[in-house]
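For reference, positions follow the sequence shown, starting with 1.
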Amino acid sequence: MGERSVKLPDIGEGIAEAELVEWHVKVGDLVREDDLLATVMTDKASVEIPTPLAGEVSWIGAQIGEAVAIGSTLVKLKVAGDDASEPANKAPTKDVAAPPALVKAEAPDARPAPPARVHPAAIEVPPATTSAVRRAPGEKPLASPAIRLKAREAGIDLRQVHGTGPAGRITHEDIDAFLSRGPAPLHGRGMSPKTAVTDVKVVGLRRRIAEKMALSKSRIPHITIIEEVNVSPLEELRATLNKKPVPEQPKLTLLPFLMRAMAKALAEQPALNALYDDEAGIVHQHAGIHIGIATQTPSGLVVPVVKHVEARDLRDCSIELNRLAQRAREGTATREELTGSTITITSLGALGGLATTPVINHPEVAIVGVNKIAVRPVWDGTQFVPCKMMNLSSSFDHRVIDGWDAAVFVQRLKELLENPATIFVDP
């Protein structure tokens, strides 16, 4: 029986390290060849690491959330037979590179997060009963103002505390003894204070989201424009088109119309369809319009990308949008499907508020936020009429996008959405 080391293999794209997000084994486990050892996450994808050997896990090299360098020892295995040609106690261990790693979709790893850690001192105990109270019914408990304040802060009903002082006076020791038995119901209402504290480590996708949002807000000076849009004509058109369903095609939502409107507006203002390399001082303006769609998944927020919107019609945008959103939620989207956006749409749908302040998807220079549609009275020149109104909240990188250009873009979107027939008219 000897010991062999399994290293974290090179997982491509020049990546020097990866974050450990899940262990599939623990010390003492027996593994067979190709069994999964761990899952790590890079900037783009989660990667499963299998073992090239069979043996018993004798050592693991990192904790959940730690960064592991490529080529460093991931686990050590006790192996037998030919695999144990170099016993660990007699010669340096022989390192084994794991077989090619299994790459899964970026961010949306559907495995449950590591179990939350609860501080041992925070575990609640059942509330004490009132059997220890030795006081006549209705008798007011004797206690000093300091004791009463301490009881109020702790949520204790002094009528349930047995006093050991003179004449049954309640002391600090009585309060401490009562608390050691557990919290009591508040004022007989069956409620008790909760003192548990749950520590949840920020790892995996949640950490990637946190890092990206922090990077965006720290580097990009945002300017946000909120504009009201009358989408009544667009909603009428959408309802008419959905009355005639097309086989194997999803019903049209507002987003495909917005995508086509953005394609027209960006053709007129290509500076907004761009990525800003702020370290090199270069703005990369793209001819192809690749719209990222912020999508909530069970694992967190990811951004699948509809490529070449400028070459897609309304139905094609809808089909691709639904396909990518489904794959993202299932955790099966590929790296190619989750990268390459040049501008992003974010929408909370019916849950959205009147207005939002979207955070730009770095290194893009613009993002369009869709808020909920609500019927509001609108003055038409002679009277108020009910209209379906929606606010667009759009943010821009003020380092490279002037306020005037941002306003022109937003007004162009408003014009197209309020007159949806113009979306389909060639310039």
Side-chain angles (χ1 to χ4, degrees), residues 3-27 29 31-55 57-77 79 83 93-114 201-212 214-215 275 292 297-305 307 324 327-328 330-341 361-363:
E3 192 172 59
R4 301 279 292 278
S5 298
V6 178
K7 294 183 176 181
L8 180 64
D10 183 356
I11 49 185
E13 297 192 3
I15 293 170
E17 63 179 19
E19 179 189 351
L20 180 67
V21 295
E22 184 178 6
W23 279 112
H24 298 283
V25 297
K26 62 183 182 296
V27 173
D29 283 355
V31 295
R32 296 173 298 180
E33 186 175 347
D34 293 330
D35 282 354
L36 292 182
L37 296 175
T39 300
V40 299
M41 175 168 281
T42 69
D43 289 338
K44 299 297 183 184
S46 60
V47 182
E48 293 179 334
I49 308 299
T51 173
L53 301 170
V57 179
S58 61
W59 178 86
I60 59 176
Q63 299 297 318
I64 299 297
E66 289 184 1
V68 182
I70 300 300
S72 63
T73 300
L74 191 63
V75 299
K76 291 182 180 179
L77 300 176
V79 297
D83 289 340
T93 60
K94 186 174 182 180
D95 291 333
V96 179
L102 307 177
V103 180
K104 298 189 72 179
E106 178 197 8
D109 185 358
R111 293 186 187 84
K201 195 165 186 178
V202 179
V203 299
L205 174 58
R206 190 72 262 162
R207 176 183 284 183
R208 298 298 177 203
I209 294 173
E211 290 173 349
K212 190 148 190 175
L215 175 66
L275 306 178
T297 74
S299 299
L301 186 70
V302 298
V303 185
V305 183
K307 303 289 178 66
L324 290 172
R327 285 176 62 82
E330 293 173 349
T332 57
T334 65
R335 183 176 299 156
E336 176 68 18
E337 292 169 333
L338 294 168
T339 57
S341 59
N361 186 17
H362 182 275

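Here the straight-line distance linking atom CG of L53 with atom CZ of R32 works out to 14.5 Å at 0.5 Å rounding. In this structure, CD in E3 is found 8.5 Å from CG in L77, a value given to the nearest 0.5 Å. The CG atom of L8 sits 10.0 Å away from the CD atom of E17 when rounded to the nearest 0.5 Å.
Closest of all the heavy-atom pairs between V21 and G204 is CG1-CA, 3.4 Å. When all heavy atoms of V27 and S58 are compared, the closest pair comes out as CG1-O, 3.9 Å. Smallest separation of non-hydrogen atoms from L205 and S299: CD2-O, 3.0 Å. Residues L20 and A38 share a closest heavy-atom pair of CD1-CB, 3.7 Å. Here the closest heavy-atom approach between residue T339 and residue V305 is recorded as O-CG2, 3.6 Å. The nearest pair of heavy atoms linking I11 to V40 is CD1-CG2, 4.5 Å.
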Please report the C-alpha distance between N361 and K212 in whole Å, then the side-chain angles of each, then the deciding distance to 0.1 Å, and finally whether the side-chain contact (heavy atoms from CB on, under 4.5 Å) criterion is met. CA-CA 8 Å; N361 186 17; K212 190 148 190 175; 3.1 Å; yes

Applying side-chain contact (heavy atoms from CB on, under 4.5 Å) to L338 and V303, what does each step give before you reach the verdict? CA-CA 6 Å; L338 294 168; V303 185; over 6 Å; no

Decide salt bridge (charged side-chain N to carboxylate O under 4.0 Å, His left out) for E211 and R208; before the verdict, give the C-alpha distance in whole Å, the side-chain angles of both, and the deciding distance to 0.1 Å. CA-CA 5 Å; E211 290 173 349; R208 298 298 177 203; 3.4 Å; yes

Report the C-alpha distance between T39 and H24 in whole Å, list the side-chain angles of each, state the deciding distance to 0.1 Å, and finish with yes or no for side-chain contact (heavy atoms from CB on, under 4.5 Å). CA-CA 8 Å; T39 300; H24 298 283; 2.8 Å; yes

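In this structure, R207 and M41 have side chains that are not in contact, with every pair of non-hydrogen atoms separated by 4.5 Å or more. Taking the side chain as every heavy atom from C-beta outward, L36 and I49 never approach each other to under 4.5 Å.
V25 is linked by a side-chain contact (heavy atoms from CB on, under 4.5 Å) to W23, D29, V31, L37, V57, counting only residues two or more places apart in sequence or in another chain. Shown here are the side-chain contact (heavy atoms from CB on, under 4.5 Å) partners of L324, two or more places apart in sequence or in another chain: P304, V306, E320, E337. Partners of E33 according to the side-chain contact (heavy atoms from CB on, under 4.5 Å) rule, which considers only residues two or more places apart in sequence or in another chain, do not exist here.
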Would you give me the side-chain donor-acceptor pairs under 3.5 Å for residues 65-72, sequence neighbours excluded?
residue: E66; atom: OE1; partner: Q63; partner atom: N; Å: 3.2
residue: S72; atom: OG; partner: A69; partner atom: O; Å: 2.6

